[in-house]
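Note that this is a predicted model, so its numbers are computed, not measured.
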Amino acid sequence: MNYRHAYHAGNFADVMKHAALALAVEYLKQKEKPFFILDTHAGTGATDLSGEEAQKTGEYRDGIARVLAQETPHPALAPYLAALKTLGFDGAAAMRYPGSPLIARTLARPGDRLAFCELHPEDAAALSALFRRDPQVKVHEMDGYTALKSMLPPKERRGLVLIDPPFEARDEFDRVFDGLMEATARWAGGTYLVWYPVKDPSVSGAFLDRLERDGPPKTLMAELHIRGAEDAARLSGAGLVIVNPPWTLEAALKELYAWLAVLLAQGPGARARVEWLKA
């Protein structure tokens with residue numbers, strides 16, 4: 001599939017991904033020692049929801065817009081919503097939705113280090129401009145899978161890696177698996193968040209089966225489905241594979257994703273699923 005993010009910014013998949021990312025970063029902040037964050041497919045850093053692509057699909061209206069309309073959002077959304085508020089995205093008139101680089105940077109502390117990788121030259125240039133005066137951030141115009149080899153392990157020995165590819169290539173699931181295995185071999189103690197789309201459950205299911213059989217230990221899977229998967233040409237859900245999850249994350253995501261499955265449902269079959277692939 002081709003998951004061009006400008007068309008999907010702020011949708012249900014962004015909400016579930018960014019909420020989990022924020023919870024993981026908050027967990028890292030419980031210790032004083034600095035940490036490292038690597039985003040392998042960082043994109044531009046922010047998306048204008050008034051732009052042609054986002055307006056064509058309007059997916060954010062059934063994602064972040066529904067969340068912000070709640071008088072009492074789920075408590076596990078607090079770090080994510082706090083980051084959005086800091087970045088000025090906290091109301092109906094807000095139209096510049098921040099991506100994972102801005103959310104991670106907003107939540108990081110002085111002394112923490114962040115590296116964002118983007119292969120597309122124009123997107124990398126936009127990302128570089130966004131962080132041009134930030135000494136804690138380094139933007140690299142490079143393939144994210146190469147970064148998994150060249151940037152790990154980090155000197156901090158603490159931190160997380162977000163692997164969030166666009167799934168434009170037919171072999172993307174294979175590339176993700178190989179990249180994750182090489183990364184965990186280099187840095188076994190890091191936390192890894194791997195996002196994936198769910199259209200044909202047999203495709204994403206084969207990826208999860210491979211991880212369960214041959215993947216790294218301490219691997220959690222969390223999925224959010226907004227409808228049933230009867231139409232394999234349509235995005236029905238999204239998931240995260242989390243290696244070395246913070247010990248509080250499993251319980252938090254079970255409650256949060258069950259709540260989001262009701263709030264963000266777009267048809268019969270909406271549900272959440274959180275379970276260990278390798279405990």
Side-chain angles (χ1 to χ4, degrees), residues 1-22 25 36-61 63-65 67-68 80-81 83-90 93-108 112-148 151 160-169 172 175-176 179 193-197 235 238 240:
M1 67 174 292
N2 186 336
Y3 192 89
R4 292 185 61 192
H5 194 256
Y7 289 94
H8 310 289
N11 71 351
F12 79 96
D14 265 2
V15 170
M16 61 89 70
K17 172 178 59 183
H18 293 154
L21 172 64
V25 174
F36 172 68
I37 294 178
L38 170 62
D39 190 338
T40 61
H41 298 76
T44 60
T47 301
D48 181 5
L49 298 183
S50 66
E52 179 181 353
E53 296 92 340
Q55 287 296 314
K56 183 176 182 179
T57 62
E59 290 187 13
Y60 68 91
R61 299 187 184 98
I64 187 58
V67 173
L68 293 178
Y80 168 50
L81 295 179
L84 295 186
K85 185 175 182 179
T86 299
L87 292 164
F89 192 97
D90 63 344
M95 295 302 288
R96 187 172 179 267
Y97 182 79
S100 51
L102 271 174
I103 291 172
R105 178 64 188 96
T106 300
L107 294 172
D112 298 325
R113 187 169 63 93
L114 303 94
F116 303 141
C117 300
E118 175 53 49
L119 184 60
H120 192 284
E122 292 182 3
D123 290 354
L127 191 64
S128 294
L130 193 62
F131 294 104
R132 64 186 180 278
R133 294 188 178 92
D134 193 330
Q136 291 179 233
V137 175
K138 182 68 175 178
V139 175
H140 305 266
E141 184 182 327
M142 65 184 298
D143 179 70
Y145 297 112
T146 301
L148 293 174
M151 297 187 186
L160 66 85
V161 177
L162 175 62
I163 304 174
D164 178 23
F167 285 86
E168 294 175 334
E172 198 77 72
R175 297 191 72 193
V176 168
L193 278 67
V194 183
W195 181 90
Y196 61 92
L235 189 70
L240 285 173

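A donor-acceptor contact shorter than 3.5 Å links the side chain of T40 to the backbone of L162.
Judged as a side-chain hydrogen bond (donor to acceptor under 3.5 Å, both in side chains), and not counting sequence neighbours, the contacts of R61 are Q55. Residues passing the ring pair (Phe, Tyr, Trp, His ring centres under 6.0 Å) test with Y196, sequence neighbours excluded: F207. Shown here are the side-chain hydrogen bond (donor to acceptor under 3.5 Å, both in side chains) partners of H18, two or more places apart in sequence or in another chain: Y97. Residues passing the side chain to side chain contact (heavy atoms under 4.5 Å, CB included) test with A83 are I103, T106, L107, sequence neighbours excluded.
Between S100 and K17 the shortest side-chain heavy-atom distance does not fall below 4.5 Å. A heavy-atom distance below 4.5 Å is found between the side chains of V15 and Y80. No side-chain heavy atom of E118 sits under 4.5 Å from any side-chain heavy atom of P101. The shortest side-chain heavy-atom distance between V161 and L148 falls under the 4.5 Å cut-off. V25 has its side chain within reach of L160: a pair of non-hydrogen atoms, C-beta onward, lies under 4.5 Å apart.
Atom NE2 of residue H8 and atom OG1 of residue T57 lie 6.5 Å apart, to the nearest 0.5 angstrom. To the nearest 0.5 Å, atoms CZ (F36) and CG (D112) are separated by 11.5 Å. If you take CG on L21 and CG on D39, they are separated by 8.0 Å, rounding to the nearest 0.5 Å.
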Give the table of side-chain donor-acceptor pairs shorter than 3.5 Å for residues 137-146, with sequence neighbours excluded, one pair per line with atom names and distance.
residue : atom : partner : partner atom : Å
D143    : OD2  : Y145    : N            : 3.1
D143    : OD2  : T146    : N            : 3.2
Y145    : OH   : E172    : OE2          : 2.6

Do any side-chain atoms of residues 121-132 form donor-acceptor pairs under 3.5 angstrom with protein atoms, and if so which ones, sequence neighbours left out?
residue : atom : partner : partner atom : Å
S128    : OG   : A124    : O            : 3.0
R132    : NH1  : A129    : O            : 2.5

Quiz item: What's the verdict on side chain to side chain contact (heavy atoms under 4.5 Å, CB included) for L193 and D164, showing C-alpha distance, side-chain angles and the deciding distance?
Solution: CA-CA 8 Å; L193 278 67; D164 178 23; over 6 Å; no

### Query
Does the pair I64 and F89 meet the rule for a side chain to side chain contact (heavy atoms under 4.5 Å, CB included), with working shown?
CA-CA 10 Å; I64 187 58; F89 192 97; 3.7 Å; yes

- Apply the test side chain to side chain contact (heavy atoms under 4.5 Å, CB included) to residues L240 and W195: give CA-CA distance (whole Å), side-chain angles for both, the deciding distance (0.1 Å), then the verdict. CA-CA 5 Å; L240 285 173; W195 181 90; 3.9 Å; yes

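Nearest approach of G45 to L102, heavy atoms of both residues: O-CD1, 3.3 Å. Across C117 and L38, no two heavy atoms sit closer than the pair SG-CD1, 3.9 Å. Across every non-hydrogen atom of S50 and M95, the tightest pair is N-CE, 3.4 Å. Closest approach of I37 and A104 over heavy atoms only: CD1-CB, 4.1 Å. When every heavy atom of P166 is checked against every heavy atom of H41, the shortest pair comes out as CD-CD2, 3.9 Å. Nearest heavy atom pair, residue L235 against residue P197, reads CD1-CB, 3.7 Å.
Other residues, nucleotides and ligands contribute over 12 non-hydrogen atoms within 6.0 Å of the CZ atom of R113.
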